[in-house]
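Below is one structure; the comments refer to it alone.
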Amino acid sequence: MIVKPEFYATDTVTVARKLLGCLLIHEDRHGITSGRIVETEAYLRDDPACHASRGKTARTAVMFGPPGHAYVYLIYGMYHCFNVVTAPEGVGEAVLIRALEPVDGIELMEKRRGTREIRNLCSGPGKLVLALGISPKHNGVALYEGALRLSAPKKSEMPGEDQIVTTPRIGINVAAEAPLRFYLKGNIYASRPCKVSRAEAKRSVRS
DNA sequence: ATGATGATTAACT
DNA sequence: GTTAATCATCATG
């Protein structure tokens, strides 16, 4: 079942946790690819690490737009990250999808990623964008009516609260301690079980 | 196994 | 000019 737009219109942390187990699907002329979400991060309006925290700009406009749409942006000049816009319209919050467990179109993902190691196809935000063929043109599209969509798991496959591990986010320099990263316990497709982020390491060298 | 580095662009100071 | 929600590759223990 496709996730309805109302699902996204509430508290971003709740949405980030409930997105675990959902299926992200992308269909294009090359075929269909999909994966189960196993790792997410929440970005909140009063959170300095959140692009939208300093107000609406051309880049962050979609974060303030209707919930249930995609926010895709360029990172480090090389990769893109895929987010789901959350909270009511006008509130700039989103959930970063950090890792997927590959489900459909694995062969196509292998081609797009240039590797055959299944654990390396979608185990990171930049990787899953490549594997599913997501591009900047998806910035702003609705995730409940197009080629790029989100589907809820069957009840039997819905992860329980006790399966969710909470840790600090990865790769950020500000608000580095906030417990806003969520992943499925023991899942080998998460970007990493837990580790100090490089940003944190860098910071301790500087001080 | 862990750790450092380069690639490459847009937004922001 | 600097920074950034990253990744692959190369070096070192």
Side-chain angles (χ1 to χ4, degrees), chain A residues 8 12-13 15-17 19-20 24 35 37-64 69-87 91-100 102 109-140 143 165-183 188-207:
Chain A
Y8 306 101
T12 296
V13 169
V15 177
R17 300 176 69 96
L19 278 174
L20 292 173
L24 179 63
I37 297 174
V38 299
E39 181 179 350
T40 62
E41 281 180 4
Y43 285 85
L44 311 178
R45 73 194 126 185
D46 56 352
D47 164 11
C50 175
H51 293 165
S53 66
R54 292 193 218 181
K56 194 166 169 180
T57 66
R59 179 221 214 173
T60 63
V62 313
M63 288 183 84
F64 292 88
H69 288 232
Y71 169 48
V72 180
Y73 68 93
L74 177 68
I75 180 112
Y76 294 107
M78 293 226 47
Y79 296 95
H80 294 273
C81 287
F82 169 78
N83 303 248
V84 179
V85 175
T86 56
V91 178
E93 304 196 342
V95 173
L96 169 69
I97 308 303
R98 283 198 60 88
L100 304 176
M109 293 190 198
E110 289 173 343
K111 210 162 130 195
R112 284 172 171 155
R113 291 276 299 114
T115 176
R116 294 189 115 190
E117 287 176 75
I118 191 162
R119 289 178 59 186
N120 201 26
L121 291 178
C122 300
S123 53
K127 299 180 191 177
L128 69 91
V129 161
L130 288 172
L132 292 209
I134 296 171
S135 79
K137 76 177 185 200
H138 294 106
N139 191 36
L143 298 171
V165 183
T166 304
T167 76
R169 292 173 294 186
I170 292 191
I172 59 174
N173 290 285
V174 288
E177 270 110 84
L180 294 173
R181 171 173 176 251
F182 311 97
Y183 67 89
I188 62 167
Y189 298 99
S191 63
R192 53 189 94 173
C194 191
K195 206 163 125 184
V196 236
S197 71
R198 177 142 36 138
E200 247 178 289
K202 231 185 213 169
R203 149 182 293 225
S204 57
V205 167
R206 251 204 296 245
S207 59

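Reckoned from all heavy atoms, side chains included, excluding hydrogens, waters and symmetry mates. Please read all numbers here as calculations on a predicted model, not as lab measurements. So that the names make sense, note that chain A is the first sequence line, chain B the second, and so on, each numbered from 1.
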Under 4.0 Å, counting only non-hydrogen atoms across every strand here, what does [X] touch: a base, just sugar-phosphate, or nothing?
X        : result
Gly77(A) : base
Ile75(A) : sugar-phosphate
His80(A) : nothing

Provide, to the nearest angstrom, the distance between the [atom1] atom belonging to [X] and the [atom2] atom belonging to [N].
X        : N       : atom1 : atom2 : answer
Phe82(A) : dT6(C)  : CZ    : P     : 16 Å
Tyr76(A) : dA7(B)  : OH    : P     : 16 Å
Leu74(A) : dT3(C)  : CG    : C1'   : 13 Å
Tyr79(A) : dA10(B) : OH    : P     : 17 Å
Met78(A) : dA7(B)  : CE    : P     : 10 Å
His51(A) : dA10(B) : NE2   : C1'   : 11 Å
Arg54(A) : dT13(B) : CZ    : C1'   : 9 Å
Tyr71(A) : dA11(B) : OH    : P     : 10 Å

Same-atom distance (P) from dC10(C) to dT8(B), integer angstrom: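 Roughly 15 Å separates the two P atoms.
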dA8(C) to dA10(B) separation - C1' atoms, rounded to the nearest Å: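 It works out to 22 Å between them.
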Over all heavy atoms of both residues, which pair between [X] and [Y] is shortest? Give the atoms and the distance, please.
X         : Y         : answer
Lys127(A) : Asn120(A) : NZ-OD1, 2.8 Å
His51(A)  : Met63(A)  : CB-SD, 4.2 Å
Arg181(A) : Ser191(A) : NH2-OG, 3.8 Å

Counterpart base for dA5(C), defined by Watson-Crick or G-U wobble contacts under 3.5 Å: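 Across all strands, not a single nucleotide pairs with dA5(C).
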dT8(B): pairing nucleotide in any strand, Watson-Crick or G-U under 3.5 angstrom: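 Here dT8(B) is not engaged in any pair, so there is no nucleotide opposite it.
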Side-chain donor/acceptor of Tyr73(A) to base of dA5(C), under 3.5 Å: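 Yes, a donor-acceptor pair under 3.5 Å.
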Enclosure of Arg113(A) CZ (heavy-atom neighbours >12, cutoff 6.0 Å):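 Counting neighbours around CZ of Arg113(A), more than 12 heavy atoms of other residues, nucleotides or ligands fall under 6.0 Å, so yes.
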Side-chain N or O of [X] closer than 4.0 Å to phosphate OP1/OP2 of [N]:
X         : N       : result
Arg181(A) : dA5(C)  : no
Asn173(A) : dT3(C)  : no
Thr57(A)  : dA11(B) : no

Non-hydrogen side-chain atoms of Phe182(A) and Val13(A) separated by less than 4.5 Å: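 Yes. Closest side-chain heavy atoms under 4.5 Å.
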Validation row: Asn83(A), Tyr73(A) side chains within 4.5 angstrom (heavy atoms):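 Yes - at least one pair of side-chain heavy atoms lies under 4.5 Å apart.
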Tyr43(A) side chain, from C-beta outward: closest of dA8(C), dA11(B), dA5(C):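 In terms of side-chain proximity for Tyr43(A), the closest of dA8(C), dA11(B), dA5(C) is dA5(C).
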Proximity to the side chain of Arg98(A) - top-ranked nucleotide from dT6(C), dC7(C), dA11(B):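 So the side chain of Arg98(A) is nearest to dT6(C).
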